[in-house]
Amino acid sequence: MPELPEVEVTRLSFADRIAGARIVSVRMGKPLRWPLGCDPALLAGRTVQAVRRRGKYLLLDLDAGLILVHLGMSGSLAFADHLPEPGAHDHFDMVTSRGALRLNDPRRFGAVVFAPAQDAPQAVKLLGGLGVEPLSDQFDAAAFHAALKRRNAPIKQVLLAGDVVVGVGNIYASEALFIAGIRPTMPASRISRPRAVRLRAAVRDVLARAVQKGGSTLRDFSNAHGQAGYFQLEAMVYDRAGEPCRQCAAPIRMIRQGQRATYYCAHCQKP
DNA sequence: AAAAGCCCCTGGATGC
DNA sequence: TGCATCCAGGGGCTTT
């Protein structure tokens, strides 16, 4: 579920409040994608200094080490002064001096991993192969075009893979390609320079606007205060199969690429 | 190296 | 109402 906008909205909703907090206790529920990697009791007494984001990972910087949090498909974080008794899908609770952080994740594709340092094997393995941050100045048009030239897979799947540019998931890949007017099935290597420039701008535009709208809430996403997002109401193609294109009224098409649904307008998006 | 498939897991929607 | 089937914001791992 959560793509870059949802993860960033989550980060913004509690980063300031947790910064400087001392960890009182940590409780783990059912197993997540990977084990925590240390005894939870070992985290008590440490301080959460800041919350950063890298791709779809949240990084809680401690005074010693860091905690990587991934929301998977169905995860969401809550941060409150007091949390109710943990429910069946609450798999990580961290009580701090400034409030309690909780991960709720029904499908358990998410993860909470402790790494003793930035360059610890756990962190390197998970973050090492990630592409450039799309909203940063590092997302250079010429380099983006050059990277696409090296890939023959369909552009939609290259965006999703995350090794060229991070944070673009299934909703925003379809949306960005619509904005750029590019057919999702087009081999990345055949995208011209001007179209790569447009795609770069479209990715930045759609992600930034989604953050502004609080992300997309399709079924259960909410920020750390339980507030839903509204970007799904502005989607041009995602989940709109058969409905009229908002630009030309042609019916939106749905295809499957790598077991994931892709939505596009055959009239507005050229091969 | 790159690409394509396969899973991990639960719950909601749909169909008979 | 009950049960089977399909589908879902991700991504690491294995196989071609």
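Per chain, numbering begins at 1; letters A, B, ... match sequence-line order. The figures that follow rest on heavy atoms only: side chains count, while hydrogens, waters and symmetry mates do not.
- Nucleic acid contact class of A:F231 (heavy atoms, under 4.0 Å, all strands): none.
- Atom-to-atom, CZ of A:R33 to P of B:dT10 comes out at 15 Å; the value is rounded to the nearest Å.
- For B:dC9, its base never sits under 3.5 Å from the side chain of A:R108 at any donor and acceptor pair.
- Annotation: of the two residues near DNA chain B, A:H89 and A:G258, the 5′-most nearest-nucleotide partner is A:G258.
- The interatomic distance linking A:L160 (CG) with C:dG11 (C1') rounds to 10 Å, in whole Å.
- In this structure, A:R151 reaches the B:dA3 phosphate: one of its side-chain N or O atoms is under 4.0 Å from OP1 or OP2.
- Atom OH of A:Y263 and atom P of C:dC7 are 10 Å apart (whole Å).
- Across all strands, A:D105 comes closer than 4.0 Å to no nucleic acid atom at all (heavy-atom distances).
- Rounded to whole Å, atom P of C:dG10 lies 10 Å from atom OH of A:Y172.
- With B:dG5, B:dA3, C:dG10 as the choices, the nucleotide that has an atom nearest any side-chain atom of A:Q259 turns out to be B:dG5.
- Taking 4.0 angstrom as the limit, A:R256 places a side-chain polar atom (N or O) nearer than this to OP1 or OP2 of C:dA8.
- The phosphate of B:dC9 has neither OP1 nor OP2 within less than 4.0 Å of any side-chain N or O from A:K30.
- Using a 4.0 Å cut-off between a side-chain N of Lys or Arg and a carboxylate O of Asp or Glu, A:E133 and A:R54 qualify as a salt bridge.
- If you measure from atom CG of A:L32 to atom P of C:dG10, you get 17 Å, rounded to the nearest angstrom.
- Whole-Å rounding puts the A:D163 CG to B:dA2 C1' distance at 9 Å.
- Within 4.0 Å of A:A261, counting heavy atoms only, lie sugar-phosphate atoms of the nucleic acid but no base atom.
- Classified by interplanar angle (parallel below 30°, tilted 30° to 60°, perpendicular above 60°), the ring pair A:Y172/A:F231 is tilted.
- At the phosphate of C:dC13, OP1 or OP2 sits under 4.0 Å from a side-chain N or O atom of A:K125.
- Considering only side-chain N and O atoms, A:Y238 lies nowhere under 4.0 angstrom from the phosphate OP1 or OP2 of C:dA8.
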### side chain to side chain donor-acceptor pair (under 3.5 Å) between A:Q257 and A:T262, worked out
CA-CA 7 Å; A:Q257 292 181 289; A:T262 299; 2.7 Å; yes
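- The CD1-P distance, from A:I171 to C:dG11, rounds to 13 Å in whole Å.
- Separation of the P atoms belonging to C:dC13 and B:dC9 is 15 Å when rounded to the nearest angstrom.
- Considering all non-hydrogen atoms of both residues, A:M236 and A:F178 come closest at CE-CE2, 3.4 Å.
- Pair assignment for B:dC9 gives none, since no Watson-Crick or G-U wobble pairing has each distance under 3.5 Å.
- Between A:R150 atom CZ and B:dA2 atom P there is a gap of 8 Å when expressed in whole angstrom units.
- For the OP1/OP2 pair of C:dG10 and a distance below 4.0 Å, the side-chain nitrogens and oxygens of A:R260 include at least one atom meeting the criterion.
- No donor-acceptor pair closer than 3.5 Å links the side chain of A:R102 to the backbone N or O of A:F92.
- Contact check for A:D163 versus A:L130: no side-chain heavy atoms found under the 4.5 Å cut-off.
- For the pair A:F109 and C:dG11, the ring geometry does not qualify as stacking, because the centroid separation below 5.5 Å and plane angle under 30° are not jointly satisfied.
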